[in-house]
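Keep in mind that this is a model prediction, so the values were computed, not measured.
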Amino acid sequence: MINDIAAAIARATGTAFVPRRQASLGGGCINQALRLSDGKRSFFVKINGATCLPMFEAEAAGLEEILATHSLRAPRPVCYGASDGAAWLVLEYLELGGRGRGAEMGRQLAQMHHTTATQFGWTRDNTIGSTPQPNAWAGSWIDFFRDRRLGYQLELAAQKGFGAALQRKGERLRGDLDAFFSAYQPVSSLLHGDLWGGNAGYMRSGEAVVFDPAVYYGDREADLAMTELFGGFGADFYAAYREAWPVDAGYAVRKMLYNLYHILNHAYLFGGGYAMQAQAMMDRLLADLG
């Protein structure tokens, strides 16, 4: 398989590539990660089962979509493919670990969010973590979030046996979703889609980098909300973002609505503790509705 990957790199770059060093990399819980080097050039390689090729294809397309905005830096896709029962994705290798300039990342995220579409969704489905994420276009953000996000995750929760109260409260929330948008009309912005601290970093030069996207076009508040879910983004990041593009006052409530999607996904992936957290979030959101 490594020989197949090396041959694909050579075809994609137009330069022969014979890997002399291969190092396993940590930090991910879904894919095996390698650094391949010939002593002059290095590449970051993700490997998973052959059925994961569509996931890698969608990730490569998402990275290209981000790069086309000329805003945030992201690793450039090189090639992808499958051989010997495995799928793989080759990316530009970026040396991370520099001191962060959060204000730069905040401004660049706002710049990326200014890339807009006329509808909500994306040209293809992708994954959020390892969970399928449906992105079929919708003319209404409320319809998109009700059906493609909350509705889909509630279906997955039911498959895992998280029913009864969680489903009842989730359906009530879906039915009253319009109330959270009575004075707010979201713009359809290009989103990273999975923007937590583990999917962002800084190069040695201090340049901000994002990776592992789950892109689609949606309300930019959804990206901002996830940055707050697990922490990792400083006050300078938020101040710079808000200076570049002020945030609506209703975000203070809607951010929990948007993060509910991710907590439901964690319940599907990791179990019942997150289902209890999701139900508590629903209780608070329903209380806000009165």
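- Note that CD1 of I66 and CE of M112 are 5.0 Å apart. Values are rounded to the nearest 0.5 Å.
- A heavy-atom distance below 4.5 Å is found between the side chains of C79 and W88.
- No side-chain donor-acceptor contact under 3.5 Å links D219 to the backbone of P186.
- The closest donor-acceptor contact from the side chain of N48 to the backbone of I30 lies under 3.5 Å.
- A distance of 4.0 Å separates CZ in F180 from CG in L289, rounded to the nearest 0.5 Å.
- Judged by distance alone, the side chain of D223 and the main-chain N or O of H192 form a donor-acceptor pair under 3.5 Å.
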**Item:** Intermediate values then yes/no, side chain to side chain donor-acceptor pair (under 3.5 Å), Q133 and Y261
**Value:** CA-CA 11 Å; Q133 179 169 263; Y261 170 66; 2.7 Å; yes
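- Under the 4.0 Å criterion applied to side-chain N and carboxylate O atoms, R148 and D125 are not assigned as salt-bridge partners.
- Contact between F211 and G201 at its shortest, heavy atoms only, is CE2-N, 4.1 Å.
- Between E221 and V247, the closest side-chain pair of non-hydrogen atoms falls below 4.5 Å.
- Sorted by first and then second residue, the salt bridge (charged side-chain N to carboxylate O under 4.0 Å, His left out) pairs involving residues 131-147 (not counting sequence neighbours) are D143-R146, R146-D178, D147-R174.
- For the pair L53 and E57, the minimum side-chain heavy-atom distance is below 4.5 Å.
- There is no path of hydrophobic side-chain contacts, each under 4.5 Å, that joins L91 to V45.
- Linking ILVMFWY side-chain heavy atoms closer than 4.5 Å, directly or via other members, places Y184 and L257 in a single hydrophobic cluster.
- In this structure, the ring of F145 has its center less than 6.0 angstrom from the ring center of Y258.
- When all heavy atoms of A10 and A16 are compared, the pair lying nearest together is CB-CA, 4.1 Å.
- Separation of the H262 and F230 ring centroids does not fall under the 6.0 Å cut-off.
- For R124, the CZ atom counts as densely surrounded, since its 6.0 Å shell holds more than 12 non-hydrogen atoms of other residues, nucleotides or ligands.
- A distance below 6.0 Å separates the ring centres of Y216 and F144.
- Between L173 and M281 there is no side-chain heavy-atom pair separated by less than 4.5 Å.
- Cation-pi check for R254 over F181 is met; the charged atom lies under 6.0 angstrom from the ring centroid and within 45 degrees of its normal.
- Between the N259 side chain and the A225 main chain, a donor and an acceptor come within less than 3.5 Å of each other.
- Sorted by first and then second residue, the side-chain hydrogen bond (donor to acceptor under 3.5 Å, both in side chains) pairs with a member in residues 232-245 read H113-Y241, R220-Y241, T227-Y238; sequence neighbours excluded.
- In terms of modelled atom types and a separation under 3.5 Å, the side chain of N31 and the main chain of K46 share no donor-acceptor contact.
- The distance from atom CG of D212 to atom CG of L63, rounded to the nearest 0.5 Å, is 8.0 Å.
- Put simply, the side chain of D176 never gets that close to the backbone of L286: no donor and acceptor are under 3.5 Å apart.
- Contact detail for T127 and A214: the closest heavy-atom pair is O-CB, 3.2 Å.
- Without hydrogens or angle criteria, D248 side chain to G250 main chain gives a donor-acceptor distance under 3.5 Å.
- With contacts defined as side-chain heavy-atom distances shorter than 4.5 Å, the pair L94/F44 does not qualify.
- Tracing side-chain contacts under 4.5 Å through hydrophobic residues (I, L, V, M, F, W, Y), one never reaches Y93 starting from M203; they form parts of separate clusters.
- Rounding to the nearest 0.5 Å gives a distance of 4.0 Å between CD of Q277 and CD1 of I263.
- For F237, the ring-ring contact (aromatic ring centres under 6.0 Å, His included) test picks out F233, with sequence neighbours left out.
- Within 6.0 Å of atom CD in Q185, 12 or fewer heavy atoms from other residues, nucleotides or ligands are found, so the atom counts as exposed in its surroundings.
- Classification of the F43-F17 ring pair by plane angle, with boundaries at 30° and 60°, yields perpendicular.
- In terms of modelled atom types and a separation under 3.5 Å, the side chain of S188 and the main chain of Q119 share a donor-acceptor contact.
- Annotation: side chain of L177 is not in contact with side chain of R172 (no heavy-atom distance under 4.5 Å).
- Annotation: the span from F162 atom CZ to L154 atom CG amounts to 12.0 Å, rounded to 0.5 Å.
- You'll find the side chain of Q111 stays beyond 4.5 Å of the side chain of T69, heavy atoms only.
- Note that the CZ atom of R76 and the CD atom of E64 stand 6.0 Å from one another [nearest 0.5 Å].
- Between E104 and R73, no side-chain nitrogen of the basic residue sits less than 4.0 Å from a carboxylate oxygen of the acidic one, so the salt-bridge criterion is not met.
- E59 has its side chain out of reach of N126: every pair of non-hydrogen atoms, C-beta onward, lies at least 4.5 Å apart.
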